[in-house]
Amino acid sequence: MDKTFDHKSIEKKFTNKWEEQKIFSFSPGSKPSAQPYTIMLPPPNITGSLHVGHALCYTLQDVLIRYKRMKGFDVLWQLGLDHAGIVTQLLVEKELTSKGIDRRQLGREKFIDAVWEWKEQSGGTILNQMRRLGTSGDFSRVCFTMDEQRQKAVREVFIKLYNDSLIYRDKRLVNWDPELKSAISDLEIVNKEVDGSMWYIKYPLVDGESCGQQYITIATTRPETMLADVAVAVHPDDARYTGLIGKRLRLPLTDRVIPIVADEYIDREKGSGALKVTPAHDFNDFEIGQRHGLEVINILTPDAKINDNVASEYRGLTQDQARELILKQLADLSLLEKEEKIKHFVPYADRSGARVEPYITDQWFLDAPKLAVEAIRVVESGEVRFVPKNWENTYFDWMHNIKPWCISRQIWWGHQIPAWYGPDDKIFVANSDNDAHALAEKHYGRRVELRRDEDVLDTWFSSGLWTFTTLNWPDETYELKRRHPTDVLITGFDIIFFWVARMIMLTTYVCKQIPFKDIYIHAIVRDEKGRKMSKSKGNVLDPLDLIDEFGADALRFTIASLCTPTRSVNMGEERIAGYRNFITKLWNATRFLVMNECKYDDRFDVSSVKASINQWIIAKVIRTIADTENAIEGYRFDEAAKAIYQSVWGMFCDWYLELVKPIMNGNNQEKIVETKLTAGWAIAQFIKILHPIAPFITEELAEAFAITEKDAFLSASSWPCYSLPKGFDKSTEEVEWACQAISAIRSMRSDMHLPPSDILKIVISEADKTKYSVDKYEIFIQKLAKVDVKYGPTYNSLTTVSVIVEGCVIKIALDQSVDIQKEKSRLQAELTKLQADSQNIHARLANQGFLAKASESVIADHKQQLISLETRANRLQEFIASLNNTTS
RNA sequence: GGAUGCUUAGCUCAGUGGUAGAGCGCUGCCUUCACACGGCAGGGGUCACAGGUUCGAAUCCUGUAGCAUCCACCA
């Protein structure tokens, strides 16, 4: 074995080997007798590249997949890519523009060809980057949301939902992205706080004289939309305005007269308490308009300029230009009462960054409120389980307030909506052009010209079908029947609404099945100080850089250990370096065993082991295997990592390997053989259970240490399974006593500033020798604590200091006489602490309430503790008394 | 405005009724034949605050404060 662990070459070696040997290749139906285990990868965008968030999400999935594979499950980790409609279109469009090509001139078909070409060349780099993480998916079997089979599925689902009246076309106010010139969904909006103004504008009453009031003041942040006002609304109980309800206003700068209406929606506290009603450009106003049967006047073009529905002087102006002009005109007319500077939230499109406009258009909608009913039920009933559970609340909140989902987009890249229009705009939804014509012919009684809907579907529509379309639905495949519902979805909370909720809605309706049993919501990655990673802050960690520097295993181990059930995890390089050190530690421990000719023998029978130290480590390792299993099964990746880390480093390396050295260097051949086999067995178990988290080093060590057969892979081996042999507990107690004794002596050495190289002389009484089996561990105590052990009261108390370990007095002889008073007060302090502790427990045991109400096991524990404390205290007290005798 | 989290050692976080834990950092000692990406030994916390429930609260309940996130909000 090399002296250092060269992660780069080992990562390369196994990435290639696994792929060449097709270790992770999946062939449908190949393992019919094994239980299936299935995870669908949340498909990254074809435009995406690997960031730490991906690394975290994919590592956790790979840990589960590798673990279940070792457990003997027939695993499928289905990889895939998302076509990412808007993002991809914008990207390719930009690239074409830089070459001087305009998308619109190119035309739809050629543009789509260009996107496909781009996809073939540079789409899906992220999949290659995933390989470097060590992901054990089948890269030859990648699904794409836009490939033939998925397109077929999307059409089928659309047709079904349309025929069931769950998809419909409607003219409504939608969120409009004027840059993209497309509708977007409410989720694709980000509200940003910006500086703005509130303008107070006077609207004159038509017959002001008769009611003693000349005008009503309205407040608005968007004066330009007044051109589309159709009413002013006040609260019916607002004393300021009750007399004016039903009167009419002259809308300034236009020749229109608009009514004053009463509506409960109005908030008397806001603005002036009178609201200008602009149904075409505000969602709430739209509803007020509907309630009062008001006209809808749209004054904007698709790119958010003023259209021809207004006086010619405003036409073609941008909103800002129009605003400026209108404010000036109002001021000239003395109708502008005041302007207040305010901060307010304004909606912007997440992707294009344009200011979103409420805009009246014809769009396709999915009746989400109806589908939500079943989607809520399956989570309430526990069929679908959120981990951690409290994400259910977020899900329910959203689902209970869900609105119809606008699924049509006015872009080119995506699933074109399978709808055709007849001459009278009658809609025919069909699987193909031919089918549509057939439907139309049946309807009209003759062959007619049809026009296909140009819109495409929201990207999330096709990803919403991901769990079953990847299993080739609507074809009735073997794997679809076998694997659906899938086992677990691992994703971030940021897409619970976008994706998780929609998958549950669509899958429960289309398949009459849940898409997955568990949803593990992982945390968002932040920097080491808990700040969001952003390019402008310069605190972005690139997982590929981290892999280069620390190794994929170190990164994966860090990720696992960070994944506590919280919302965010802070990742810093220091932490990764720490786990890189752990990987190195494991490497060196194995190297030590190789140097000492330890071997792994799979016929090794753990129950045949005699030496207590070996029994002890076997018991500990078996415990660790169980802890790791429980942790992974419960999605506690942090606990799995912690269990392995502590066992390997804190127990195996720090204690067992040190304890084993005296045996190895001794001459008890039988014991040496047993110890070498035990050590080899133990490290092999660690290597196996660490494999899901750190696949590269463990695969290399399995090869170097011959844990796997020649040409076999740890990745394809099985998870260890052992039960604790009877009687090993006793050894555990003994060995742990010896370790405590060693620690106590070392501690004393350090406290007394005794040189580490000196061999100290210690003395233990004959009685203690038998009681604590000191002679059995003498060699270990001698070597590890660097002492020479003698029995009986040989040394003068005047030149010894003492430590008491579980009642056993260990005297340490010094070259010079000790200050007995100082020694006494040191021991006395220890005694005081012991007595305080034992009194504490004594008091509790004397408490009637405690005895009556505490559980039996708790009481038994307390009694046990009390006995132990009292034994130690008594022994210490006796010893102090003996010191008194010495001095007196 | 509505909701959900969080507040524990210098830092980052576990622990969720029974005597406060880890990693990193820090201090001292050690170039001991697996490993200085190491070893040994230490120091360090009235578990945000105030009430309550309980024999017993870091843990359960109520309230307060601060922080974070999500949703809503263009008068």
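Chain letters run A, B, ... following the sequence lines, proteins first and then strands; every chain starts at 1. Hydrogens, waters and symmetry mates are skipped; everything else that's a heavy atom, side chains included, is used.
Residue A:H862 is in sugar-phosphate contact alone, with no base atom involved, counting any heavy-atom pair closer than 4.0 Å across all strands shown. Using a 4.0 Å heavy-atom distance criterion, A:I218 is classed as making no nucleic acid contact. Here A:L562 lies out of heavy-atom contact (under 4.0 Å) with every strand. Nucleic acid contact for A:V346: none, since no nucleic acid atom lies under 4.0 Å from a heavy atom of the residue. Within 4.0 Å of A:R580, counting heavy atoms only, lies at least one base atom of the nucleic acid. Across all strands, A:R526 comes closer than 4.0 Å only to sugar-phosphate atoms, never to a base (heavy-atom distances). Residue A:P755 is out of contact with every strand shown, counting any heavy-atom pair closer than 4.0 Å. Residue A:F283 is out of contact with every strand shown, counting any heavy-atom pair closer than 4.0 Å. Looking at heavy-atom distances under 4.0 Å, A:N840 makes no contact with the nucleic acid at all. Contact annotation for A:Y645: backbone-only contact, meaning every heavy-atom pair under 4.0 Å involves sugar-phosphate atoms and none involves a base. When heavy atoms are screened at a 4.0 angstrom cut-off, A:D494 is found touching no nucleic acid atom at all. Among the atoms of the strands shown, base atoms are found under 4.0 Å from some heavy atom of A:V356.
Using the Watson-Crick or G-U wobble rule with both distances under 3.5 Å, B:rA34 pairs with nothing in any strand shown. Across all strands shown, B:rA65 is found opposite B:rU7 as a Watson-Crick or G-U wobble partner, with both distances under 3.5 Å. Pairing of B:rG28, defined by two Watson-Crick or G-U wobble distances under 3.5 Å, is identified with B:rC40. The pairing partner recorded for B:rG18 is B:rC55, the criterion being a Watson-Crick or G-U wobble arrangement whose two distances lie under 3.5 angstrom. B:rG1 is paired with B:rC71 under the criterion used here, namely a Watson-Crick or G-U wobble arrangement in which both key atom distances are under 3.5 Å. Remark: B:rU46 base-pairs with no nucleotide; criterion is Watson-Crick or G-U wobble with both hydrogen-bond distances under 3.5 Å.
The side chain of A:S750 has B:rA41 as its nearest neighbour among B:rC37, B:rA41, B:rC74. For A:I266, whose side chain is taken as the heavy atoms from C-beta onward, the closest listed nucleotide among B:rU19, B:rA14, B:rA75 is B:rA75. Comparing B:rC71, B:rU12, B:rA75 by their closest approach to the side chain of A:H344 singles out B:rA75. For A:R567, the side-chain atoms get nearest to B:rG5 when compared with the rest of B:rU19, B:rG5, B:rA75. Considering only the side chain of A:K270, B:rA75 comes nearest among B:rC29, B:rC74, B:rA75. The side chain of A:K585 lies closest to B:rC35, out of B:rA75, B:rC35, B:rG18. Nearest nucleotide to the side chain of A:L657, out of B:rA14, B:rA34, B:rC70: B:rA34. For A:N570, taking side-chain heavy atoms from C-beta onward, the closest of the listed nucleotides B:rA14, B:rU12, B:rA41 is B:rU12.
At the phosphate of B:rC13, neither OP1 nor OP2 sits under 4.0 Å from any side-chain N or O atom of A:T564. A:K833 has no side-chain polar atom (N or O) that falls below the 4.0 Å cut-off from OP1 or OP2 of B:rU19. The side chain of A:S743 contributes an N or O atom lying less than 4.0 Å from OP1 or OP2 of B:rA41. Regarding contacts with the backbone of B:rC74, a side-chain N or O of A:N284 is found under 4.0 angstrom from either OP1 or OP2. Remark: A:W649 is in phosphate contact with B:rG39, judged by side-chain N or O atoms under 4.0 Å from OP1 or OP2. Note on A:K661: every side-chain N or O is 4.0 Å or more away from OP1 and OP2 of B:rC33. A close approach under 4.0 Å does occur between a side-chain nitrogen or oxygen of A:S747 and OP1 or OP2 of B:rG42. Regarding contacts with the backbone of B:rC35, a side-chain N or O of A:K3 is found under 4.0 angstrom from either OP1 or OP2. Put simply, A:R636 has a side-chain N or O that comes within less than 4.0 Å of OP1 or OP2 on B:rG15. Remark: A:Y395 is not in phosphate contact with B:rC71, judged by side-chain N or O atoms under 4.0 Å from OP1 or OP2. Within the 4.0 Å cut-off from OP1 or OP2 of B:rA75, not a single side-chain nitrogen or oxygen of A:S272 is found. Distances shown here put a side-chain N or O of A:N581 below 4.0 Å from the OP1 or OP2 atom of B:rG38.
Mapping A:N588 and A:Q865 onto RNA chain B by nearest heavy atom places A:Q865 at the nucleotide closer to the 5' end. Each of A:Q646 and A:T566 was assigned the nucleotide of RNA chain B with the nearest heavy atom; the assignment lying further toward the 5' end belongs to A:T566.
The aromatic rings of A:Y395 and A:F386 lie tilted to each other, with the angle between the two planes from 30° to 60°. Note on ring orientation: taking the six-membered ring where Trp is involved, the planes of A:Y635 and A:F637 are tilted (angle from 30° to 60°).
The base of B:rC40 has none of its N or O atoms less than 3.5 Å from a complementary donor or acceptor on the side chain of A:R746. Judged by distance alone, with hydrogens and angles left aside, A:E658 brings a side-chain donor or acceptor within reach of the base of B:rA34, the pair sitting under 3.5 Å.
Protein atom CG of A:D654 is 15 Å distant from nucleotide atom C1' of B:rU32, rounded to whole Å. Put simply, CZ on A:R591 is 12 Å from P on B:rC33, counting in whole angstrom units. For the pair A:F592 CZ and B:rC35 C1', the computed distance is 11 Å after rounding to whole Å. Remark: P of B:rU12 and CD1 of A:I524 are 19 Å apart, rounded to the nearest angstrom. When the P atom of B:rA3 is taken as reference, atom NE2 of A:H400 falls 15 Å away, rounded to whole Å. One interatomic measurement links the two molecules: CZ of A:F493 to C1' of B:rC71, which rounds to 13 Å at whole-angstrom precision. B:rU69 atom C1' lies 14 Å from atom CD1 of A:I521, rounded to whole Å. Rounded to a whole Å, the CD atom of A:E574 is 15 Å from the C1' atom of B:rC13.
Partner A:L275 forms a side chain to side chain contact (heavy atoms under 4.5 Å, CB included) with one of A:V232, A:V261, A:I288, A:N284 and no other, that one being A:I288.
Comparing B:rA68 with B:rC74, their C1' atoms sit 26 Å apart, to the nearest whole Å. Spacing between B:rG39 and B:rU31 at atom C1', rounded to whole Å, works out to 11 Å. Of the C1' atoms belonging to B:rG23 and B:rU8, the separation is 15 Å, rounded to the nearest Å.
Judged by distance alone, the side chain of A:S272 and the main-chain N or O of A:T217 form a donor-acceptor pair under 3.5 Å. Using modelled atom types, one side-chain atom of A:Y359 and one backbone atom of A:L300 make a donor-acceptor pair closer than 3.5 Å.
Figure legend: A:K661 and A:F592 shown as a cation-pi pair, the cationic atom lying under 6.0 angstrom from the six-membered ring centre and within 45 degrees of its axis.
Between A:D229 and A:Y203, the closest heavy-atom pair is OD2-OH, 2.6 Å.
Taking the six-membered ring where the residue is Trp, the centroids of A:Y579 and A:Y645 are separated by under 6.0 Å.
With contacts defined as side-chain heavy-atom distances shorter than 4.5 Å, the pair A:T675/A:Y656 qualifies. A:L187 has its side chain within reach of A:R502: a pair of non-hydrogen atoms, C-beta onward, lies under 4.5 Å apart.
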